[in-house]
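Everything on this sheet refers to the single structure shown next.
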Amino acid sequence: MTTIAFDTETRGLAWDDPEERAFLATWADESNEYVADLSKADEVETFVNALDSADVLVAHNAPFDVHQTRETVGYDPLSRAGALHDTNIMARVAMPAGQSRPSYKLKDLAQTFVSDDAKDAEDDIAEMAKSAGIKLKATGGYYDTWRAYPEVMEKYARLDARYTYELHKKFAAELDGNGAWELEQRVQPILIEAEKRGIALDQDVVTDLKTEYEKRRDQARATLTEFLPEEALGGPGSEEALADSLLGLGVPLHRKTQKTGKYQTSKFALQEFENDYPVVGALSDYRTADKFLSTYIEPMLGRDVVHTSFGQCEAWTGRMSSYRPNMQNIPSRGGARVRAMFVPREGHSFVVCDYDSIEVRLLAYYMGQAGYREMIAKGLDPHAWMAAQIHGGRMEDYVKGSDGESLRSQAKNTMFAITYGAGAPRVADMNQMTREEAKALIAKIKKSLPGYYRLNKRIREKVEAEGHVTTLFGRRQPVSPEKSYVGLNALIQGSAADVMKQGLVNVAEAVKPYGGVPLLVVHDEVVVEVPTENAQHVAQITEQAMTEAFELDPHLAVSGSIVDTNYADAK
DNA sequence: ATTTCCCGCCAC
DNA sequence: AAACGTGGCGGGAAAT
């Protein structure tokens, strides 16, 4: 059983950019460390042979090193039969944390578990770079530092492989037979494949969006400058200038920020003034257009494919995250068409499936309230049901499209807020009602869901006694007892994350024979790219694979759609 | 001059 | 009595 830990030293973090590729590889076995200059063919060969001979390959943040290795030397560590173990994931599974998250960086873990001077390397390297006049954090900074001080850099690079090896040894023993670790191991290659394949962009759409949103921004800006001076719209001093200008226009700002006590100018703080002050609407339009441009549109310009990275265990609840770029917060609400820039490749379609109200279903499961569970199992609308409980009448009077739809939304939003731990003041704020009305609303929800409050009490007591909740898949999820009110959300969100990970594993396996590849995971949604001729069938088996992730009562439900056009057209 | 903090806002 | 959860990111301000 050969275990090899490896690491790459790279010019940057964008592994898909030829400018930011790896220049050095290091690896360690039980007794030795090795280093390869990746510009030398014989050293590359030694490196590749070492990787290829391992039964267990280990890396810290393995996806990054896998991508760098593949792109730099043309050898894909995932192509081997052996296992890939990521000490970052292992540490997070072995030592899950609550909201106060410790560092899971290699050096910090090594400092704690391997060597007291593990962190010194960072300071030394920074010092070396400085004395050589190199900007370490800039692209190529590490490469330049290596060129200037090859022996020192290589020594530290070897140590990283050693630390990774030793951490693996520690965690592998602890995690033997751990179900959560087994699931994470199955998830990782799927995410790596999704990152590697990436999502195709239609540049015609990107440039059209750019034009459209520049126009929107400029129009809003023109309107705004009738009310506000230029210096309130960006640049140094603009934050204070904006608040001052709004006050000068008579807008009675009163909400202050928590940390620094400045006047809030957020959408929420301004919404109460939008009917009386036209500046508020114009400001909102301007900020939306500006944000869409800088965050979602301009970063996509000139790319054929976008390769996100997934934080497999990034959220403390077990949820995944997505970064560089974040593909989990691309605008979709309110008719935004930004998702239209993401398109299936030629001859392919997207199959987009998401769990229906998974958090409500989990809540129903944990409440154990028979009537509520059956109502959901029958496919009825829990939010319309709740609205009817609150306001009387039949639930049909509150479904989407009816006169009572806004009361349904109120019930839904309040229900979510309460699950997240909101109290009467926050519920009053969000619903534009008095605190007394909010109390009455919460009381009515409480009355119609006795199981909810029993559950909440039970969870809080468990958190206060044991410091954790236990998710649907038996995963221990720490929650700080001082904030036991988040326990319910941790349970529901954490269990939904478990389901999604199992669902993803099921999906990847099921769609593979039909050429389907998961490209994205967005908490309760999976996007699969598939040859168009197989799309109908793959949609059906994807739904089934997700539904079968767990036998819940009420059962899980999945709805899917097939699009040949773009991501915006899904659903 | 560089890094970190803060605010605001997109998603689920 | 009180406390709405999980993320990432862009731009400006504050800290170093």
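Here is how names work: the chains are called A, B, and so on, in the same order as the sequence lines, proteins then strands, and each is numbered from 1.
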- Tell me yes or no: between the side chains of A/Q502 and A/D498, is some donor less than 3.5 Å from an acceptor? no
- Query: Going by distance alone, is a donor N or O of one side chain under 3.5 Å from an acceptor N or O of the other, for A/N88 and A/R92?
  - Reply: yes
- Query: On DNA chain B, which is the earliest and which the latest nucleotide, 5' to 3', with an atom closer than 4.0 Å to a heavy atom of chain A?
  - Reply: B/dT2 to B/dC12
- Query: What is the distance from CG of A/N456 to P of C/dA2, rounded to the nearest Å?
  - Reply: 17 Å
- Figure out the OH/P separation between A/Y485 and C/dC4, and round it to whole Å. 7 Å
- May I have the distance from A/D524 (atom CG) to C/dG7 (atom P), rounded to whole angstrom? 17 Å
- Task: Using a 4.0 Å heavy-atom cut-off, write out nucleotides 9-16 of chain C from 5' to 3' as B (base contacted by protein), S (sugar-phosphate only) or - (no contact).
- Result: SSSSS---
- Query: Going by atom types only, do A/E548 and A/N506 share a side-chain donor-acceptor pair under 3.5 Å?
  - Reply: no
- Message: Taking B/dC12 as the reference, what is the distance to C/dC4 when you measure between their C1' atoms (whole Å, please)?
- Response: 14 Å
- Task: Establish, from distance only, whether the side-chain atoms of A/T308 and A/N326 form a donor-acceptor pair under 3.5 Å.
- Result: no
- Task: Using heavy atoms to find the nearest nucleotide of DNA chain C for A/K483 and A/R435 separately, return the residue whose nucleotide is more 5′.
- Result: A/R435
- Task: Take atom CD of A/Q493 and atom P of C/dT6, then tell me their distance rounded to the nearest Å.
- Result: 7 Å
- Whole-Å distance, A/Q99 CD to C/dT6 C1', equals 9 Å
- Query: Side chains of A/T257 and A/T260: do they bring a donor and an acceptor to under 3.5 Å?
  - Reply: yes
- Message: Ring of A/F342, cation from A/R339 - is the NZ or CZ under 6.0 Å from the centre and inside 45° of the axis?
- Response: no
- Query: Do A/Q410 and A/H383 meet the criterion of a side-chain donor-acceptor pair at a distance under 3.5 Å?
  - Reply: no
- salt bridge (Lys or Arg N to Asp or Glu O under 4.0 Å) partners of A/R221, counting only residues at least two apart: A/E230
- Give one of base, sugar-phosphate or nothing for A/F268, where a contact means two heavy atoms less than 4.0 Å apart. nothing
